[in-house]
Amino acid sequence: MPNYKLLALDLDGTLLDPTSRVSAANARAVRLAQQAGVQVVLCTGRNLTETRAFNAQLETPADWAVIANGAAAERFVDGAQMTFDGLDRQMCRQILAICAQFHTDPCLYTGDSLYYGREFLRFLQALRQRGHVTLDEAAEGYYYIDSPEKWRATLEQEDGRILKAILHNVDPAKVDRMIALLEQDGRFELAPSVMYGGALKNVEINCKGVHKGGGLERLATLLGFGMEAVMAIGDSDNDLTMLRMAGLGVAMENAAPHIRAAADAVTAGNAVDGVAQAIYRYILEENT
């Protein structure tokens, strides 16, 4: 039977329940996996500030974080950080130019900060109207940018530190057109997210070749083993690479059909502790 050494957990829609909390059952199962000798990595599109906050909800902290869809990593015990590959200034300028064509603005992530504009606020409002629990855009580390001049100043200030961008629009057709332009450029890794049956859509943007699977593979290599020793659990398009590359890729029941089809196995949904169920089935039973 496989002996998994690393457990990679997506956050939203996976480890987190629909209220964006780690359930007691999931937290206990993660602790038991660690006690069985498995290291745990939170593998997310979020930045370190947000990931650390969710890590604090676990009974015992995770060992690692792979953030911004594989662009960087942190070892929680001592805060040691590794940046794999981010978006350079020219890429960010191209993203801003595309936004200008559609009268929108991006979200730009560094390891510690999130810069956002008016369109992100509109998108959050649309999510809240549908009952979705969202982040607090007024929290520490989130910065509202309200003009092209301030976006340009942000690029100067954070040059070399931008890990990921997200484009939002309450009109999914505009997101599709922005995606088409980004694909034509050829320098970007794109992970669209479709919500509420297509009523809302956004797209996450990384440097070409940067994705969760790649970041996870770099971490596994650093730890001295291959991806066959990794079990990954996720629910979204930005999880596809790690689900396909891991020794065991487990999709959540709440994932879209194409995500479930790409995985080796499917566990229960995030509303009913699907992560805990997968840990008991594929890690704890195999280590007893």
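This chain uses plain numbering: 1 for the first residue, then up along the sequence.
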Pair Thr267, Val275 - check side chain to side chain contact (heavy atoms under 4.5 Å, CB included), show working. CA-CA 7 Å; Thr267 189; Val275 164; over 6 Å; no
May I have the step-by-step check of side chain to side chain contact (heavy atoms under 4.5 Å, CB included) for Val38 and Met231, ending in yes or no? CA-CA 10 Å; Val38 178; Met231 172 177 158; over 6 Å; no
Say whether, by atom type as modelled, one donor and one acceptor occur between the side chain of [X] and the main chain of [Y] under 3.5 angstrom.
X      : Y      : value
Asn206 : His211 : no
Arg260 : Ala255 : yes
Gln57  : Val22  : yes
Asn55  : Ala62  : yes
Lys164 : Gly45  : yes

Acceptor/donor pairs from residues 100-108 side chains to any protein atom, 3.5 angstrom cut, sequence neighbours excluded:
unit_1 : atom_1 : unit_2 : atom_2 : d
Thr104 : OG1    : His168 : O      : 3.3
Asp105 : OD1    : Glu119 : N      : 3.1
Asp105 : OD2    : Arg118 : N      : 3.0

Donor-acceptor list for residues 175-183 side chains, cut-off 3.5 Å, not counting sequence neighbours:
unit_1 : atom_1 : unit_2 : atom_2 : d
Asp176 : OD1    : Lys201 : NZ     : 2.5

In short, Val210 meets Glu189 closest at the heavy-atom pair O-CG, 3.2 Å
Report the C-alpha distance between Gln157 and Tyr115 in whole Å, list the side-chain angles of each, state the deciding distance to 0.1 Å, and finish with yes or no for side chain to side chain donor-acceptor pair (under 3.5 Å). CA-CA 12 Å; Gln157 173 186 320; Tyr115 297 91; 3.2 Å; yes
Residues that Phe225 engages under ring-ring contact (aromatic ring centres under 6.0 Å, His included), provided they are two or more places apart: none
Is it the case that the ring center of Tyr116 lies less than 6.0 angstrom away from the ring center of Tyr144? yes
Path from Phe188 to Leu167 over hydrophobic side-chain contacts below 4.5 Å: yes
Check this for me, if you would: do Asp112 and Arg52 make a salt bridge, where the nitrogen-to-carboxylate-oxygen distance has to be below 4.0 angstrom? yes
